[in-house]
Amino acid sequence: MIAQNLNKVRKNIPNDVLLVAVSKTKPIVFIEEAYNENQLHFGENKALEMKEKASVLAQDIKWHFIGHLQRNKVKYIASSVYLIHSIDSLRLLQEVNKQALKNNRTISCLLQFHIAKETTKFGFSLDEAILMLKEKSFLDLKNIKIVGVMGMATFSENEALVISEFEMLKSIFETLKEKAFKTANDFKEISMGMSNDYKLAIAHGATIVRVGSSIFGSRK
Ligand SMILES: *Cc1c(COP(=O)(O)O)cnc(C)c1O
């Protein structure tokens, strides 16, 4: 079933868009089934769960951290994570830098933006991000690399609303590219779109989509 679901989702995703299969809460065997279909990118939202899964699964898996990340949990994922989607403060970024340094590596990160109507979703505003990107304490961080932006649209049937939020994230990306990353070729990712809205997200500029339940089934 997972293989079938995965290949169905893949049919909707162009080659230049990366599919992250969101495996949070799902058992190892589910991930192995997707891996056997050549799926290498998986998303998790709990640090210890990612750490445990990374320790038993294939080493060539690329682990994406997509949930709210507490600073005291960064140490659990610093050696295994491929991309952190959910950077929402300078203090978090400083901790990621510290743990990356300890692991003798650079960790790629996305800045998360608050684009949804719901107040529970984390993230920067454009102004906050621009301020941070100019601060010396940000510029001093040598073991992190900002490679783009991430956002979650409002969970809603209202397509016009969801589209306007995706367009907002695209425009935030373009503003940051112009103001802070003009010569940074690595700054190119827009992570947006989940099971219920990834097709819309792709139509509006997503370069990474994060799809869970359409592949692995609904969660409790
Ligand atoms: C759970 C989650 C997803 C995947 O959601 P589905 O609706 O199951 O596709 C994507 N992004 C984030 C940040 C999530 O927490």
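Remember, it's 1-based here, ligands and their atoms both numbered in the order they're listed.
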Per-atom contacts of ligand 1 with [X], taking only distances under 4.0 Å to non-hydrogen atoms:
{"X": "V211", "value": "9 (O)"}
{"X": "M152", "value": "13 (C)"}
{"X": "S195", "value": "6 (P), 7 (O), 8 (O), 9 (O)"}
{"X": "R210", "value": "4 (C), 9 (O), 10 (C), 11 (N), 12 (C), 13 (C)"}

Quick one: look up the protein heavy atom nearest [atom] and list residue, atom name and how far away it is.
{"atom": "atom 7 (O) of ligand 1", "answer": "S213 OG, 3.6 Å"}
{"atom": "atom 13 (C) of ligand 1", "answer": "I66 O, 3.4 Å"}
{"atom": "atom 5 (O) of ligand 1", "answer": "M194 CE, 3.5 Å"}
{"atom": "atom 2 (C) of ligand 1", "answer": "K24 NZ, 2.6 Å"}

Residue pair I130 / L176, side-chain heavy-atom distance below 4.5 Å: yes
Close side-chain approach of K53 to F42, heavy-atom, < 4.5 Å: no
Distance (rounded to the nearest 0.5 Å) between L93 CG and E135 CD: 11.0 Å
Part of R219 with heavy atoms under 4.0 Å of ligand 1, whether side chain, backbone, both or neither: side chain
Ligand 1 versus M150: contacting region, heavy-atom distance under 4.0 Å: side chain
Pair E174 + K170: basic N to acidic O under 4.0 Å: yes
Okay, side chain of [X], backbone of [Y]: is any donor-acceptor separation there less than 3.5 Å?
{"X": "N143", "Y": "I107", "value": "no"}
{"X": "E37", "Y": "I2", "value": "no"}
{"X": "K75", "Y": "N72", "value": "yes"}

Pair S86, Q112: side-chain N/O donor-acceptor within cut-off below 3.5 Å: no
Backbone or side-chain N or O of G212 under 3.5 Å from ligand 1 N or O: yes
Contact (N/O only, under 3.5 Å) between N196 and ligand 1: no
